[in-house]
Amino acid sequence: MTEFVDVVIVGAGISGISAAWHLQNQNPGKSYAILERREKLGGTWDLFKYPGIRSDSDMYTLGFHFKPWATDQMIADGPSIWNYLNEAATENGIDTHIRYSHKVLAANWSDEDSRWELTVERDGEQIELHAGFLWACSGYYNYDQGFSPEFPGADDFGGTIVHPQHWPEDLDYQGKKVVVIGSGATAITLIPALIDNGAGHVTMLQRTPTYIGSLPDKDPFAKRAYRLLPEKPAYTAVRWKAILQATAQYQLARALPNVFRKLLRTMAERRLPEGYDYDRHFSPDYKPWDQRVCLAPNGDIFKAIRKGKADVVTDAIETFTADGILLKSGERIEADIIVTATGLNVQFFGGAKVSRNGAPLDLADTVAYKGMMLSGVPNMAFTFGYTNASWTLKADLTSEYVSRLLSFMGEKDYVTVEPRDPGSDIERLPFVDLSSGYIKRALDTLPKSGSEAPWRLKQNYLVDLRVIRNGKIDDGTLDFSKLRASVSA
């Protein structure tokens with residue numbers, strides 16, 4: 001017989017571990033399984049192996065509220081984050097629920113049976129698994145393939161071309177000339193790390209600038225708090241300080257963009273060579289947080305430029321050549337290695353095909369309820385973190401809400417829950433309010449958000465505490481059913 005599990009969580013990264021902890025804490029009687037396509041947990045923090053891989057958010061909010069990050073190391077490297085996630089899973093018995101090498105290929109909701117029918121690839125064979133509730137915690141990008149545009153002349157290049165998502169462990173860049181194409185978080189992370197680990201010279205080649213902020217990688221407030229207070233109250237104080245600081249910075253950037261621009265400029269110019277052309281290389285023509293603001297811990301990329309170990313070129317590519325890159329301006333950049341840090345391919349639900357009663361569902365036709373459920377899709381939730389703050393803050397709120405929803409359904413003997421379509425009175429808006437290239441490329445495939453709550457969230461943790469953590473479950477937007485659809489029909 002086909003195995004049935006009350007809740008199937010897809011993905012064993014930050015979102016999946018958060019979902020599991022809250023689920024077993026609030027619904028200890030429910031069976032659950034975490035299906036993880038890889039051979040290890042950690043998601044992003046197991047996949048990426050490029051030099052310098054680190055968090056772009058402080059660890060007091062990227063970490064879980066149930067497992068204090070009890071050091072003053074605010075910005076952590078990838079291996080440290082993976083160890084933290086592994087500890088969180090093992091300490092709470094979550095690891096015993098993870099089924100590795102399980103990739104969800106398709107998910108079909110059956111109205112007749114009021115359950116999800118999952119087609120799963122396990123060690124090269126397909127199996128079927130049924131679930132009462134499906135929880136997608138697989139992130140938002142394609143794990144198999146990063147975004148890498150076709151560059152003219154790439155086949156003529158005599159060196160090595162590598163994408164950060166598929167970094168070769170044996171890549172030798174000692175003393176080499178490296179060009180990093182791109183200016184997002186990956187490039188900003190890679191360049192100082194390559195230099196610190198022996199690269200000869202690194203050039204960041206960008207078409208347009210990116211806003212870059214500079215913060216210390218250690219938090220003196222956290223150091224004092226952990227010295228003076230017991231661990232739990234210290235962590236609470238440090239975590240809330242980080243939340244309020246990040247929220248204030250974002251609100252300042254959106255309300256007073258010119259003031260925020262000036263602050264970023266001041267931080268950078270303290271570390272850049274005197275007379276450096278900041279406007280050309282670090283001053284975008286869009287407002288801060290129209291796209292993400294990157295973080296340079298301790299201003300490391302600016303220091304590398306000042307020392308002459310790195311430089312920035314803002315130009316368009318004409319073609320790759322045998323020994324480097326020819327730019328539209330006619331300038332040439334010599335390179336032994338070219339790193340295409342050109343971004344991600346957005347992909348919802350790990351690429352699984354979603355259907356209802358065998359009919360495919362077009363996710364782009366759905367509207368996201370509270371940023372975690374979809375109109376017309378029963379008994380399903382997904383975790384999508386903040387774009388302007390730590391991913392985990394929203395992941396934990398989502399986990400709390402879904403676990404509370406399942407408790408409510410159990411108390412009322414409800415079998416199904418489904419967000420009702422908001423109708424034509426609610427304007428459809430982009431799901432993610434960013435103008436970044438990786439978002440623009442995926443807009444036609446993503447769900448929509450609505451013009452009014454609960455179909456539209458403000459990307460504000462303090463507001464979401466009220467809307468999500470403390471909001472009423474039966475708010476008139478969700479349809480609940482005690483009977484199987486086939487019986488009630």
Side-chain angles (χ1 to χ4, degrees), residues 10 15 107-109 111 134-142 147 250 254 286-287 289-292 343-357 359-389 391 393-395 397-398 401-402 405 416-461 463-464 466-468 471-480:
V10 182
S15 302
N108 176 64
W109 171 259
D111 279 324
L134 178 62
W135 197 341
C137 296
S138 51
Y140 66 99
Y141 63 89
N142 186 333
F147 176 68
Y250 177 78
R254 300 309 280 173
Y286 54 84
K287 293 180 181 179
W289 284 109
D290 282 351
Q291 298 182 24
R292 286 183 64 91
L344 307 167
N345 285 315
V346 173
Q347 182 183 70
F348 256 38
F349 309 137
K353 297 178 180 178
V354 183
S355 57
R356 183 170 185 174
N357 302 320
L361 291 175
D362 186 349
L363 300 181
D365 291 337
T366 65
V367 187
Y369 170 81
K370 292 189 175 181
M372 66 180 75
M373 300 174 72
L374 298 178
S375 61
V377 185
N379 288 30
M380 193 274 285
F382 64 94
T383 297
F384 194 96
Y386 289 121
T387 57
N388 62 351
W391 179 275
L393 287 176
K394 177 64 183 299
L397 283 180
T398 299
Y401 178 88
V402 174
L405 170 65
T416 66
V417 58
E418 179 181 332
R420 192 181 309 119
D421 188 283
S424 58
D425 291 339
I426 299 296
E427 181 186 356
R428 269 55 169 176
L429 301 171
F431 177 69
V432 181
D433 187 20
L434 285 176
S435 62
S436 304
Y438 68 97
I439 297 297
K440 285 183 174 180
R441 292 192 299 270
L443 282 179
D444 291 343
T445 66
L446 298 179
K448 303 297 185 292
S449 68
S451 54
E452 298 177 13
W455 306 101
R456 182 173 176 80
L457 296 179
K458 295 184 179 294
Q459 291 286 320
N460 186 313
Y461 180 72
V463 173
D464 287 347
R466 173 177 55 83
V467 174
I468 298 177
K472 186 178 179 182
I473 293 292
D474 192 0
D475 62 357
T477 308
L478 301 177
D479 286 334
F480 295 93

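What you see is a predicted model; the values in this text were computed from it and never measured.
- Judged by distance alone, the side chain of R428 and the main-chain N or O of T366 form no donor-acceptor pair under 3.5 Å.
- If you take CG on N357 and CG on N108, they are separated by 6.5 Å, rounding to the nearest 0.5 Å.
- Here the CZ atom belonging to R254 is positioned 13.0 Å from the CG atom belonging to N460, to the nearest 0.5 angstrom.
- Between F382 and W135, the ring centre distance reaches or exceeds 6.0 Å.
- Aromatic ring pairs are classed by plane angle as parallel below 30°, tilted from 30° to 60° and perpendicular above 60°; the pair F431 and F348 is perpendicular.
- Here Y386 and W391 keep their ring centres 6.0 angstrom or further from each other.
- With rounding to the nearest 0.5 Å, the separation of CG in L397 from CG in D464 is 6.0 Å.
- Separation of atoms CH2 (W455) and CE (M373) is listed at 9.0 Å; rounding is to 0.5 Å.
- Between the side chains of T416 and N379, no donor N or O sits under 3.5 Å from an acceptor N or O.
- For A364, the side-chain contact (heavy atoms from CB on, under 4.5 Å) partners are D362, K448, not counting sequence neighbours.
- Between the side chains of N345 and Y140, no donor-acceptor pair is found at a separation under 3.5 Å.
- In this structure, Q459 contributes its side chain and T387 its backbone to a donor-acceptor pair below 3.5 Å.
- Atom-to-atom distance recorded for L363:CG and F349:CZ is 5.5 Å, nearest 0.5 angstrom.
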